[in-house]
Amino acid sequence: MKEISPVRGGNAQPAGRYEDERKKKVVDGEPDIAQFLNYHAFKVEMNGSQIKSVTAKHVETGRELVFNAPLFVDCTGDGSIGALAGADFSMGRESRSEYGESTAPESSDKMTMGSSVQWYSVEDNFDSTFPAFKYGVDFNEENAQKVYMGEWTWETGMNFNQITDFERIRDYGLFVVFSNWSFLKNEYSQKNRYWNRSLGWVAYVAGKRESRRLLGDIILRQQDIEEHILYPDATACVTWSIDLHYPDPKNSEQFPGNEFRSICEQPMIYPYPAPYRCLYSRNIENLFMTGRNMSVTHVALGTTRQMRTIGMFGEVVGMAASVCKQHNVLPRGVYENHLNELKLLMTKGAGREGTGGYPQYNLGEMLQEKKLRQ
C-alpha cells in the first residue's frame, strides 16, 4: 500500500494531493497486470455455481470485451459481479437479534451510510459573483451552512438505495452545495464574508460508503472486533474505529427526509486481523471479494471500509489467488488445505524493497497481549 498511498492526507483537497498518476505508474510497472480502463462490467455467464465469464463495455466507445478466467474477484464496491452471479449478499442494517450486535438497531432496515459530495472554496483578490441557484432546496439565515468548504459530513442518500438511486443521491448532493453557496453569495446578511471567494472544486463523483455486502464463510460482526477474536485464518490488521454515520439530527429537523449532513460515532477498537473467510463468496465457488463489499455486517463495515485497509485485503486476495493457481483449488480450498502457504506469503508481504511499510503483526505477541488485557 505504501507504493501507491499519497504522502499527504486530508479530505476535500486539490487533485494533486492524491497522486493518481503515481498510482497508475506503479500498476503500469507490473508486467502481469493488464488494465482495461473505463470498462463497465454488466454481464456474467455462469457454469453451475462458478463464474465462467464477465462481459464489460467501454463507456465511451461501446466496445465489449469478454473475460474468461478460472477465478474472479469483485472489487466493485457495489458487489456488482457477485449480484449478477447470484451471490448471497446483504444490504442495509441487520437487526440487533440477527447477530447479537449491541450497536445494531432493534429492527432491520434499509438505511446505509451515505455518499459525500465534498467541495472547497478559494480566496480571490477580487470580488466574484455566483448565479442565483435554487432547485427545490431553500436556504435561509437559520439553516444555511456558513462554511468555506464541505468535507465528509456533506453526506446524502442514507434513506435511499445507494445503487439504484445513486444518480439522484449525487445530484441532490450537488443541488445543496450550489444552492447553499448561492445563498451565501447573494442573500446572506453577512455575504460580504464571501464576496472575494469562489468555488475551487466540487466533486462530481460522490464518495460512496456502503451498498451491497457479499457474504462469505464468515460474516465479521461487532463482537469479533470488540472481543478481539483471533481466527486461525487471520489476515490484514484493521486499526480504524467502528466508524458509523447517521443523519445529523439538526439537519434532519431542518430538511426532513432530505438531510445532507451527517454525524458519526467512532468507538475505538484494539487492532485486529480480519479472517480470510470474509474474502470469498460462500455460494459462488470461484469468486473472491474485497473492498467495502466484503463479508461483514453493517456495524463491522464501519471499521473495515477504509481505503488503505481494503487495499491490504486486496493484497491478501492476490496471494490467495496465486495459491489457488499453484494447487488448482478454489478460494475455499486455500483455507481448508493450504492456509499455511497463504500465511507464509502474508508474512513475506507484497511490497517492493525500499517502499516502506508497517511492521508485520506477530500472532503470538497479539495472543499474549490479549491475555494480559484479560
Side-chain angles (χ1 to χ4, degrees), residues 9-13 15 17-18 20 40 59 74-83 89-93 105 109-120 135-137 145 147 149-181 199 201-214 240-252 254-266 289-294 296-311:
N11 293 318
Q13 300 294 326
R17 292 283 290 269
Y18 304 110
D20 287 344
H40 171 68
V59 298
D74 190 331
C75 307
T76 63
D78 284 337
S80 302
I81 305 301
F89 68 86
S90 292
M91 191 165 172
R93 302 191 297 180
D109 57 35
K110 298 299 183 182
M111 179 178 283
T112 63
M113 286 180 277
S115 300
S116 290
V117 174
Q118 299 188 46
W119 61 276
Y120 64 80
Y135 277 77
V137 188
Q145 311 297 303
V147 293
M149 68 181 299
E151 292 202 29
W152 61 266
T153 54
W154 287 64
E155 186 172 344
T156 63
M158 295 181 180
N159 293 301
F160 289 85
N161 187 302
Q162 289 284 334
I163 299 172
T164 59
D165 298 326
F166 190 58
E167 188 170 6
R168 182 247 184 236
I169 292 168
R170 187 278 310 268
D171 287 354
Y172 182 66
L174 291 172
F175 289 165
V176 295
V177 172
F178 293 136
S179 297
N180 185 74
W181 190 251
L199 290 177
W201 171 77
V202 180
Y204 60 89
V205 177
K208 190 185 298 189
R209 292 177 176 83
E210 178 182 8
S211 53
R212 296 188 191 98
R213 302 183 302 280
L214 304 180
W240 199 257
S241 61
I242 302 179
D243 185 355
L244 297 173
H245 292 203
Y246 306 91
D248 184 323
K250 183 178 180 180
N251 196 244
S252 295
Q254 294 173 331
F255 300 90
N258 288 300
E259 51 271 301
F260 57 87
R261 296 295 303 270
S262 68
I263 59 171
C264 72
E265 296 180 4
Q266 290 186 298
M289 62 269 190
T290 184
R292 57 182 172 80
N293 53 234
M294 63 185 283
V296 296
T297 65
H298 165 82
V299 174
L301 178 66
T303 189
T304 61
R305 63 183 176 80
Q306 310 306 317
M307 286 184 285
R308 287 176 173 83
T309 302
I310 59 180

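Bear in mind the structure is a predicted one, so any value in this text is a computation, not a measurement. As a basis for the values below, the full set of heavy atoms in this structure was taken, side chains included, without hydrogen atoms, waters or symmetry mates.
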Problem - For Asp109, all residues meeting salt bridge (charged side-chain N to carboxylate O under 4.0 Å, His left out), sequence neighbours excluded - result: Arg93
Problem - Contacts of Leu301 that satisfy side chain to side chain contact (heavy atoms under 4.5 Å, CB included) - sequence neighbours left out - result: Met113, Glu210, Arg213, Arg292, Val296, Thr304, Arg305
Practice task
Under the side chain to side chain contact (heavy atoms under 4.5 Å, CB included) rule, what do Ile242 and Val299 come out as? Steps first, then yes or no, please.
Solution key: CA-CA 7 Å; Ile242 302 179; Val299 174; 4.0 Å; yes
Exercise for the section: Could you list the residues that satisfy side chain to side chain contact (heavy atoms under 4.5 Å, CB included) with Met149, not counting sequence neighbours? Expected result: Ala12, Tyr120, Glu151
Exercise for the section: List for me each residue that meets side chain to side chain contact (heavy atoms under 4.5 Å, CB included) alongside Ser116, sequence neighbours excluded, and say none if there are none. Expected result: Gln118, Trp152, Glu155, Arg209
Fill in the blank from the handout: Residues passing the side chain to side chain contact (heavy atoms under 4.5 Å, CB included) test with Gln13, sequence neighbours excluded, are Arg17, Tyr18
Practice task
Under the ring-ring contact (aromatic ring centres under 6.0 Å, His included) rule, what do Trp154 and Trp119 come out as? Steps first, then yes or no, please.
Solution key: CA-CA 9 Å; Trp154 287 64; Trp119 61 276; 5.4 Å; yes
Exercise for the section: Answer yes or no: is there a side-chain heavy-atom contact under 4.5 Å between Met111 and Pro247? Expected result: yes
Practice task
Ignoring hydrogens and angles, tell me if any N or O in the side chain of Asn180 forms a donor-acceptor pair with the backbone of Gln145 under 3.5 Å.
Solution key: yes
Problem - Partners meeting ring-ring contact (aromatic ring centres under 6.0 Å, His included) with Phe255 (sequence neighbours left out) - result: Phe139, Phe260
Handout entry: Within-4.5 Å side-chain heavy-atom neighbours: Val202 and Trp181
Key = no
Practice task
Taking Ser179 for its side chain and Phe175 for its backbone only, find out whether a donor-acceptor pair lies under 3.5 Å.
Solution key: yes
Completion exercise
In terms of heavy-atom contacts, Val117 and Ala203 come closest through CG1-O, 3.4 Å
Problem - His245 NE2 to Ser262 OG distance, which is reported to the nearest 0.5 Å - result: 5.5 Å
Problem - By side-chain hydrogen bond (donor to acceptor under 3.5 Å, both in side chains) - contacts of Ser252 (at least two apart) - result: Glu259
Handout entry: Lys208 (side chain) donor-acceptor with Gln162 (main chain) under 3.5 angstrom
Key = yes
Practice task
Spell out, as yes or no, whether a donor-acceptor pair under 3.5 Å connects the side chain of Asn293 to the backbone of Asp74.
Solution key: yes
Handout entry: With sequence neighbours excluded, residues passing salt bridge (charged side-chain N to carboxylate O under 4.0 Å, His left out) with Asp20
Key = Lys23
Handout entry: Set of ring-ring contact (aromatic ring centres under 6.0 Å, His included) partners for Phe178, sequence neighbours left out
Key = Phe133
Practice task
Could you tell me which residues satisfy side-chain hydrogen bond (donor to acceptor under 3.5 Å, both in side chains) with Ser90, sequence neighbours excluded, listed by chain and number?
Solution key: none
Practice task
Under the side-chain hydrogen bond (donor to acceptor under 3.5 Å, both in side chains) rule, collect the residues that match up with Asn258, sequence neighbours excluded.
Solution key: Arg168
Practice task
List the steps and the verdict of side chain to side chain contact (heavy atoms under 4.5 Å, CB included) for Asp171 and Ile169.
Solution key: CA-CA 6 Å; Asp171 287 354; Ile169 292 168; over 6 Å; no
Practice task
State, yes or no, whether a side-chain contact exists between Leu244 and Glu265 at a heavy-atom distance under 4.5 Å.
Solution key: no
Handout entry: Residues which pass salt bridge (charged side-chain N to carboxylate O under 4.0 Å, His left out) with Asp248, listed by chain and number, not counting sequence neighbours
Key = none
